[in-house]
Chemist: 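What follows is a single structure, and I will ask about it in a moment.
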Number of protein chains: 2
Amino acid sequence: MLTPYTANSLKAELNSRGWRLTPQREQILHVFQNLPRGDHLSAEELFMLLEKRGEFISLSTIYRSVKLMSRMGILRELELAEGHKHYELNQPYQHHHHLVCVQCNRTIEFKNDSILKHSLKQTEKEGFQLIDCQLTVTAICPEAIRMGWPSTLPTNWTCTRNIALKEKQNQEEE
Amino acid sequence: MLTPYTANSLKAELNSRGWRLTPQREQILHVFQNLPRGDHLSAEELFMLLEKRGEFISLSTIYRSVKLMSRMGILRELELAEGHKHYELNQPYQHHHHLVCVQCNRTIEFKNDSILKHSLKQTEKEGFQLIDCQLTVTAICPEAIRMGWPSTLPTNWTCTRNIALKEKQNQEEE
DNA sequence: ATCTGTGCAAATAGTTTGCAGCTGG
DNA sequence: CCAGCTGCAAACTATTTGCACAGAT
């Protein structure tokens, strides 16, 4: 589906398959619809965000819901280099892609409309219907190159931008 | 690195970082170099393949090796919709991409040279050095569409091609 | 009344890690 | 010789599942 859902249209679509619009599913949709563009949540993050608002939805329900919504084409499942999946509203015509450093996992988002065009072409050729396309470019960041990659990089080096980011996250948690 | 490694060039590159070329790492490189084009292995599959040849390499070592080789740009880490990572030799100039059905996980490989061009452009713009690029198109396969997706598809439907595939795999295991 | 959805707790699966001994450079 | 590497077992983490009960149609 290429247009954003309202609670009503989601309800209609779920019902047409014998499924239900529960308060939990509505809450979850709502969170994603109000997420700043380019932002994405893991199951755990979604759980905590709802918790902070006083909405308790169990982790199992979260996992079940995001999977269901992904299979319906409502959410987009991102596999970044972080060991767990992230989700965001699926809007193929506004998609961004990811450039990820294999050394430090630093991730940069970028847009490129021709990626969608190529994906659509291929999808139609095979008789499929497009839900989403994601280009993930893995690369070495300038800092790692400056550190001498590939010859002289220490085993557990991580780029300074990454360290700065982690410190910032730790501060936020406190 | 955009050219295939030999045992010697791998040794040189490892040594220059204070790392070593062990028999295990050489074996693993060897397996990937002799893998049919387009084929890829999970850690477990690599473990079993080596075991069948009488080469025992522990799973931990396998995991450590494929991660190391991925960070070096020697292997390409694929995240298909199968819940675990697959690896293949990283050859950006011969790369294929993936079209995956969200309903049944059926996966089709395709080539498209312009994807690499777009990736290179973006990578250079950010001052990164490209290791790999992967376009993953998620979509609905013709069979699921024929079954009435998105309105009338049963919850745990899986496409017949998928069922056929699983039966084939089960037979092979016996 | 039936069947889906939820929360809980337990199970799973893939992957990572601590450690003691081994080995390549 | 010594830092890195291996195999083992145990730990970990993200995710899934079985079950009993609640709630929607």
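Computed over heavy atoms, backbone and side chain alike; hydrogens, waters and symmetry mates excluded. Quick note on labels: first sequence line is chain A, next is B, and so on, each numbered from 1.
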Chemist: The side chain of B:Lys85 lies closest to which of these nucleotides: D:dT6, C:dT15, C:dG7?
Modeler: C:dT15
Chemist: Take a 6.0 Å sphere around CG of B:Asp113 and say whether it holds more than 12 heavy atoms from other residues, nucleotides or ligands.
Modeler: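 Atom CG in B:Asp113 is not packed in, count stays at 12 or less.
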Chemist: How is A:Gln24 classified with respect to the nucleic acid when contacts are heavy atoms under 4.0 Å: base, sugar-phosphate, or nothing?
Modeler: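 Answer is sugar-phosphate: A:Gln24 comes under 4.0 Å of backbone atoms only.
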Chemist: Mind checking the CZ-NE2 spacing from B:Arg53 to B:His30? Nearest 0.5 Å is all I need.
Modeler: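 NE2 of B:His30 is found 7.0 Å from CZ of B:Arg53.
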Chemist: In whole Å, what is the span from the NE2 atom of A:His84 to the P atom of C:dT15?
Modeler: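 Between P of C:dT15 and NE2 of A:His84: 15 Å.
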Chemist: Kindly state whether the ring of B:His97 and the ring of B:His95 have centres lying under 6.0 angstrom apart.
Modeler: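 They do not qualify: ring centres at least 6.0 Å apart.
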Chemist: For B:Leu50 and D:dT6, give me the distance from atom CG to atom P, rounded to whole Å.
Modeler: 13 Å
Chemist: Detail all sub-3.5 Å separations between protein N/O atoms and N/O atoms belonging to nucleotides 19-24 of chain C.
Modeler:
| unit_1 | atom_1 | unit_2 | atom_2 | d |
| --- | --- | --- | --- | --- |
| C:dT23 | O2 | B:Arg20 | NH1 | 3.4 |
| C:dG24 | N2 | B:Arg20 | NH2 | 3.0 |

Chemist: Drop me the distance from B:Leu135's CG to B:Lys111's NZ, to the nearest 0.5 angstrom.
Modeler: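 Going from the CG atom of B:Leu135 to the NZ atom of B:Lys111 covers 14.5 Å.
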Chemist: Examine D:dT16: is either OP1 or OP2 under 4.0 Å from a nitrogen or oxygen in the side chain of A:Tyr63? Give yes or no.
Modeler: no
Chemist: In this structure, how many angstroms lie between the P atom of C:dT4 and the CD atom of A:Glu26, rounded?
Modeler: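 Whole-Å distance recorded here is 21 Å.
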Chemist: With nearest nucleotides of DNA chain D determined for A:Leu59 and B:Arg25 from heavy-atom distances, which residue corresponds to the more 5′ nucleotide?
Modeler: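 Nearer the 5' end of the strand: B:Arg25.
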Chemist: Whole angstroms only, please: what is the CG-P distance between B:Leu14 and D:dC5?
Modeler: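 Those two atoms, CG and P, are 8 Å apart.
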Chemist: Could you grab the distance from atom CG of B:Leu68 to atom OG1 of B:Thr61, nearest 0.5 Å is fine?
Modeler: 11.5 Å
Chemist: Could you give the CZ-to-P distance, from B:Phe56 to D:dT6, as a whole number of Å?
Modeler: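 Distance, rounded to whole Å: 12 Å.
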Chemist: Could you give the NE2-to-C1' distance, from A:His86 to D:dT15, as a whole number of Å?
Modeler: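 To the nearest whole Å, that distance equals 14 Å.
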Chemist: Can you check whether any acceptor in the base of C:dC8 is under 3.5 Å from a donor in the side chain of A:Ser60, or vice versa?
Modeler: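 By the distance-only test, yes, there is a pair.
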Chemist: Nearest to the B:Lys67 side chain among C:dG5, C:dG14, C:dT16, which nucleotide is it?
Modeler: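 That would be C:dT16.
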Chemist: To the nearest 10 degrees, how far apart in direction are the end axes of the helix from C:dA1-D:dT25 to C:dG25-D:dC1, each fit to five base pairs?
Modeler: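 That helix gives 40° between its end axes.
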Chemist: Under 6.0 Å between the ring centres of A:His118 and B:His118?
Modeler: yes
Chemist: Please state how far atom CG in A:Leu68 lies from atom P in C:dG5, giving the value in whole angstrom units.
Modeler: 7 Å
Chemist: A:Ser114 side chain to A:Lys117 main-chain N or O, any donor-acceptor pair under 3.5 Å?
Modeler: no
Chemist: Report the nucleotide, chosen from D:dC5, C:dG5, D:dG7, that has the shortest atom-to-atom distance to any side-chain atom of B:Ile57.
Modeler: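 Selected nucleotide: D:dG7.
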Chemist: Quick one: does any side-chain atom of A:Asp132 pair with a main-chain N or O of A:Gly73 as donor and acceptor, under 3.5 Å?
Modeler: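 Here the side-chain-to-backbone pair does not exist.
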Chemist: Rounded to the nearest 0.5 Å, how far apart are OG1 of A:Thr123 and CG of A:Leu130?
Modeler: 4.5 Å
Chemist: What is the distance, rounded to the nearest whole Å, between atom CZ of B:Phe47 and atom C1' of C:dA13?
Modeler: 15 Å
Chemist: For the CD1 atom of A:Ile140 and the CZ atom of A:Arg106, what is their distance to the nearest 0.5 Å?
Modeler: 12.0 Å
